[in-house]
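Quick caveat: nothing in here was measured; it's all calculated off a predicted structure. The basis for the numbers below is simple: all heavy atoms, side chains too, and nothing from hydrogens, waters or symmetry mates.
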Amino acid sequence: MQLIPTGEPEKPRNQFPPVYVGETLIPEEDIAREMQHHPAEEVAEAWHEAAKSLVIRELLLQQAKSLKLPEELDEETAIAQVLEQELDVPQPSDEDCERFHAANPGRFRSSTLMAVSHILLAAAPDDVQERMRQEEVGQQLLASLLEGRAQWAPLAKQYSACESRHQGGSLGQISKGQTVEEFERPVLTLKEGLNPELIESRYGWHIVRVDQRVDGEQLPYEHVKPQIRQYLSESVTRRAFRQYLQVLAAEVGVQGVDLELPDSPLMQ
């Protein structure tokens with residue numbers, strides 16, 4: 001005899017704990033909607049980031065009420081006023097900026113400029129056989145160039161799959177961020193002249209010649225001072241904001257989600 005269940009089927013139990021800010025429950029539906037703004041590989045990670053975002057928002061809105069801000073303010077304005085009133089953010093001094101510049105010389109250099117030519121032996125990323133064949137062809141062509149048995153321009157015109165073959169393989173002047181990473185990364189380390197090794201990219205194999213290289217130079221402090229001041233100011237603001245949230249969370253109480261705020265008030 002088959003038993004027919006009566007009443008509504010039992011809803012599946014939520015796999016995530018309820019989230020509270022003080023006595024206020026953050027509804028599951030709100031967290032679910034917020035998840036679309038926090039894409040992640042795992043559902044649990046997206047849920048956690050969404051819940052954390054809503055908890056922070058609720059902490060700040062509750063603080064707006066504690067500060068007796070005008071009730072007619074919209075939420076974004078109320079949050080902005082809370083942060084304006086409550087955050088104590090010291091501005092970086094000239095000495096702070098100078099020290100940062102001196103301690104991070106590699107961050108403040110002009111871009112290295114290079115005039116580069118190449119011969120592209122094209123092969124699709126998933127065509128293993130063609131990649132192997134083109135690599136062999138590339139090794140043979142490179143050997144003939146290194147040994148002086150062939151000239152660059154005729155080989156580029158005959159073998160390169162890039163439109164630059166009509167200009168002797170010249171790509172013109174390039175700098176960081178102008179080409180695909182797997183090509184750019186090794187090329188920007190090369191000295192002038194013919195590179196004795198092939199370079200592989202998503203497009204195939206490249207024979208590369210550096211026609212000219214102009215290394216970047218250290219930028220003077222006065223030139224980058226505004227950039228440093230802005231960076232340090234934003235860094236200090238983020239630190240102060242995290243400290244402030246830590247205090248609010250401790251005072252109000254947060255359950256169901258880890259805000260991942262360090263225990264030490266000296267946050268980095």
Side-chain angles (χ1 to χ4, degrees), residues 3-67 69 71 73-89 104 107 124-126 128 176-177 180-185 200-202 230-268:
L3 296 178
I4 302 177
T6 60
E8 295 184 1
E10 182 181 355
K11 294 182 180 180
R13 185 174 299 175
N14 185 11
Q15 60 178 314
F16 302 114
V19 177
Y20 284 90
V21 179
E23 300 298 322
T24 301
L25 172 68
I26 305 296
E28 295 176 13
E29 296 79 7
D30 290 358
I31 298 176
R33 281 193 296 269
E34 180 68 17
M35 285 174 64
Q36 65 181 310
H37 303 299
H38 304 273
E41 293 184 2
E42 300 291 337
V43 172
E45 182 181 354
W47 179 91
H48 181 267
E49 291 302 315
K52 185 167 66 172
S53 177
L54 293 179
V55 163
I56 291 172
R57 186 179 187 86
E58 180 62 25
L59 281 170
L60 294 173
L61 290 174
Q62 288 189 19
Q63 184 65 5
K65 293 181 180 178
S66 297
L67 295 174
L69 296 182
E71 295 183 2
L73 294 177
D74 61 74
E75 292 186 350
E76 298 301 330
T77 302
I79 289 173
Q81 289 195 13
V82 167
L83 297 179
E84 184 178 353
Q85 291 185 30
E86 297 280 277
L87 282 191
D88 182 16
V89 183
N104 299 273
R107 297 183 61 161
D126 57 352
V128 177
K176 186 174 178 60
V180 293
E181 182 183 1
E182 67 269 19
F183 178 78
E184 173 188 281
R185 187 172 58 254
E200 186 178 12
S201 79
R202 69 194 69 177
Q230 180 180 356
Y231 172 82
L232 291 180
S233 178
E234 291 175 352
S235 179
V236 171
T237 299
R238 286 193 299 270
R239 187 178 300 117
F241 180 57
R242 292 172 66 191
Q243 291 175 341
Y244 181 61
L245 287 178
Q246 183 185 36
V247 172
L248 286 184
E251 291 178 349
V252 176
V254 173
Q255 301 177 44
V257 67
D258 181 8
L259 290 183
E260 298 175 350
L261 297 172
D263 294 330
S264 171
L266 301 176
M267 302 184 205
Q268 300 301 316

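Leu59 contributes atom CG, which lies 12.0 Å from atom CD of Gln246 (distance to the nearest 0.5 angstrom). Taking CD of Glu58 as the start and CG of Leu25 as the end, the distance is 10.0 Å to the nearest 0.5 Å. Distance check: Ile26 CD1 to Ser53 OG gives 10.0 Å after rounding to the nearest 0.5 Å. Atom CZ of Arg239 sits about 7.5 Å away from atom CD of Gln243, to the nearest 0.5 Å. In this structure, CG in Leu60 is found 6.5 Å from OH in Tyr244, a value given to the nearest 0.5 Å.
Between Ile79 and Leu61 the shortest heavy-atom distance is CG1-CD2, 3.9 Å. Nearest approach of Ala249 to Leu259, heavy atoms of both residues: CB-CD1, 3.8 Å. Pairing each heavy atom of Pro18 with each of Tyr20, the nearest pair is CB-CE1, 3.9 Å. When all heavy atoms of Asp258 and His48 are compared, the closest pair comes out as O-NE2, 2.9 Å. The shortest heavy-atom contact between Ser201 and Phe183 is CB-CB, 4.4 Å. Listed here is the closest heavy atom pair of Val21 and Gln62: O-NE2, 3.2 Å.
Side-chain N or O atoms of Glu182 include none that pairs as donor or acceptor with a backbone N or O of Glu200 at under 3.5 Å. Put simply, the side chain of Glu49 never gets that close to the backbone of Ala46: no donor and acceptor are under 3.5 Å apart. When atom types are taken as modelled, the side chain of Thr237 and the backbone of Ser233 share a donor-acceptor pair closer than 3.5 angstrom. No donor-acceptor pair closer than 3.5 Å links the side chain of His38 to the backbone N or O of Ala51.
For the pair Gln85/Leu69, a side-chain contact is recorded, criterion being any heavy-atom separation below 4.5 Å from C-beta on. In this structure the side chain of Ile56 reaches within 4.5 angstrom of the side chain of Phe241, judged on heavy atoms. A heavy-atom distance below 4.5 Å is found between the side chains of Gln63 and Leu67. Inter-residue side-chain proximity for Glu45 and Met35 is flagged as unmet; no heavy-atom pair is nearer than 4.5 Å.
Applying the side chain to side chain donor-acceptor pair (under 3.5 Å) rule to Ser66 yields no partners; only residues at least two apart in sequence or on another chain are considered. Not counting sequence neighbours, the partners of Glu181 by the side chain to side chain donor-acceptor pair (under 3.5 Å) test are Arg185.
Within 6.0 Å of atom CG in Asp74, more than 12 heavy atoms from other residues, nucleotides or ligands are found, so the atom counts as buried in its surroundings. Environment of CD in Glu23: sparse, with no more than 12 heavy atoms of neighbouring residues, nucleotides or ligands closer than 6.0 Å.
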